[in-house]
Amino acid sequence: MPLSVLDQVMVLVASLLFLAVGWALGLKIELRRQQAAKMAADDIRSEAEREAEAIKKERLREAADHIQKLEIEARHEIEKNQAAQQLAQERLKQAENALEAKEGRCEEREKRLVEREKHLEAKEERILQSEDQLARKQEEFSKAEASLREALERQAGLTKEEARAELFKRVEDENRLHLARRVRQAELSAKEEADRKAKRIITLAIQKWSSEQVVESTLSVVSLPSDDMKGRIIGREGRNIRLIENLTGIDLIIDDTPECVLLSGFDPIRREVARMTLEKLIADGRIHPAKIEEMVAASKREMEDRVVSEGDRAALEAGVIGLSPELIKYLGRLRFRTSYGQNMLGHSLEVSFLAAKMAAELNADTQVAARAGLLHDIGKAVTADVDGPHAIVGARLCEKYGESAAVVHCVEAHHEDVEQRTLEAMLVQAADAISAARPGARRENVENYVKRLENLEKIAASFEGIEQVYAIQAGREVRVFVNPKVVDDLESSHLANKIAARIEEDGQYPGVVLVTVVRESRHQAYAQ
């Protein structure tokens, strides 16, 4: 049923009251929320202010510590600068004192020099007076001698020349045997002196030459990347290895030795061509007959260039200029030839050097000696194709390619195939003999060379306090290591002199042997 007006008014009033109560509750809640937010903000602000204050105090403390540290460092730096300044002042004062003392010594020295000059002037005057007196006495003596000689001639009835001849004849008759003995002694003395000078010259020449040991082998070794390469080198039914041996003239030895092939042959040039060919084939990886022929041809061309390069290098090292290109080529071939294991090019350089040094000592032609020494074995580069002694063959080569007659004679006479007519020829022969006989140079002398080194080590090891001895540099140096507990520094010096003296007495050695005594102390400790 429809509401009455009163009921409607009451409903409206109730609604208004409800709305008012809800608005009041919302307002109260909002006020409480704002108060809580304000309190939280105040708490945050207080906490921030406390943290800021703590940070400020920490920064101030750090700044104070840093300032204090800087003050200490500055104080130390000032003290150091003051000490350095004081030291500099002391040194300056010492330098000034030394300068004043030096000036005093200079003044004193000038005074002594003035006094010495006066003394020398007085002495010179006395010498001049003595010379005048001596000249007058000599003149008086000459007059007295002339008058005495005239008196003797009148008494003897002989002139001066006749009396001298009679006296010499009588003395000669009485002392003929004695004179013969004196002449013999003079000859022996001259011969001994000549021997001493010759030994000195040869020794000086040897001492100035420091050559490596030149003994070489007739085998070459080629390393392989793996043992599988051996089968590829042999080829199917051995066709590859047979072709390489036929083209190079060298035997390939393939055995159980891992990862290597031996090349055997007495011709060093062919052996080097074979080695270069094999290394090229291994690097290329394609090993078949066509490739082998190509590589052998390339290696031969490369060997020709290398021969010329070796000849140029040897001529430059020996200081010999103006050689014919053909002689350069023959000279380079000696690099790949040996005699009793001795490399011929190294031997030729050694002979050139020794001959030039000995020629300089004897005032002979050093250029001829050096040139002939370098070319003396040039005939060995062609003796496989030409008959005759290598000295004669080499001389004909030198003559053919424009060498002087002096050089040609030295080459042909170094083995006395012809009579030696010049000093340079004799020196080249002597240098050739010295180089060939050098210990360690040729295989036939290796045993004596080793015995000499053992003898040097044995002599050095015979002293007390020695731990180890090594003979090095082909016997030119003996290095001795001593026990530091037994031998002190002073005794080390005496020990070196004692060993050198003992080697001079008992040892056999060429040139000079350097004795080096090494004393080393080591102290160790462990930290655990």
Taking only distance into account, with no hydrogens and no angle test, what donor-acceptor pairs under 3.5 Å do side-chain atoms of residues 65-90 form with protein atoms, sequence neighbours excluded?
from, atom 1, to, atom 2, distance (Å)
N81, ND2, E77, O, 3.2

Residues in side-chain contact (heavy atoms from CB on, under 4.5 Å) contact with [X], at least two apart in sequence or another chain:
X    : answer
E62  : E58, R59
A431 : V351, L354, A355, M358
N363 : none

**Item:** salt bridge (Lys or Arg N to Asp or Glu O under 4.0 Å) against E467, all qualifying residues, sequence neighbours excluded
**Value:**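 Salt bridge (Lys or Arg N to Asp or Glu O under 4.0 Å) check on E467 returns nothing, list empty.
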The salt bridge (Lys or Arg N to Asp or Glu O under 4.0 Å) partners of R33 (sequence neighbours excluded) come to E30
Tell me every residue that passes side chain to side chain donor-acceptor pair (under 3.5 Å) with [X], counting only those two or more places apart in sequence or in another chain.
X    : value
E47  : R50
D42  : R45
T516 : E477

Side chain to side chain donor-acceptor pair (under 3.5 Å) contacts in which one or both residues fall within residues 109-119, not counting sequence neighbours:
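Only E108-R112 qualify under side chain to side chain donor-acceptor pair (under 3.5 Å).
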Return all side-chain donor-acceptor pairs below 3.5 angstrom for residues 276-285, not counting sequence neighbours, or 'none' if the list is empty.
from, atom 1, to, atom 2, distance (Å)
T277, OG1, V273, O, 2.8
T277, OG1, S299, OG, 3.1
E279, OE1, R275, NH1, 3.0
E279, OE2, R275, NH1, 2.8
K280, NZ, E302, OE1, 2.9
D284, OD1, R286, NH2, 3.1
D284, OD2, R286, N, 3.2
D284, OD2, R286, NE, 2.8

Practice prompt. Could you check E294 against K291 for salt bridge (charged side-chain N to carboxylate O under 4.0 Å, His left out), going step by step and ending with a plain yes or no?
Written response: CA-CA 5 Å; E294 178 185 348; K291 197 66 177 178; 3.6 Å; yes
Under 3.5 Å, side chain of S462 to main-chain N/O of I459, donor-acceptor pair present? yes
| query | Short question: side chain of S348, backbone of M344 - any donor-acceptor pair under 3.5 Å? | reply |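 Side chain of S348 to backbone of M344, a donor-acceptor pair under 3.5 Å: yes, one is there.
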So salt bridge (charged side-chain N to carboxylate O under 4.0 Å, His left out) across residues 481-496, not counting sequence neighbours, yields D489-R519, E491-K498
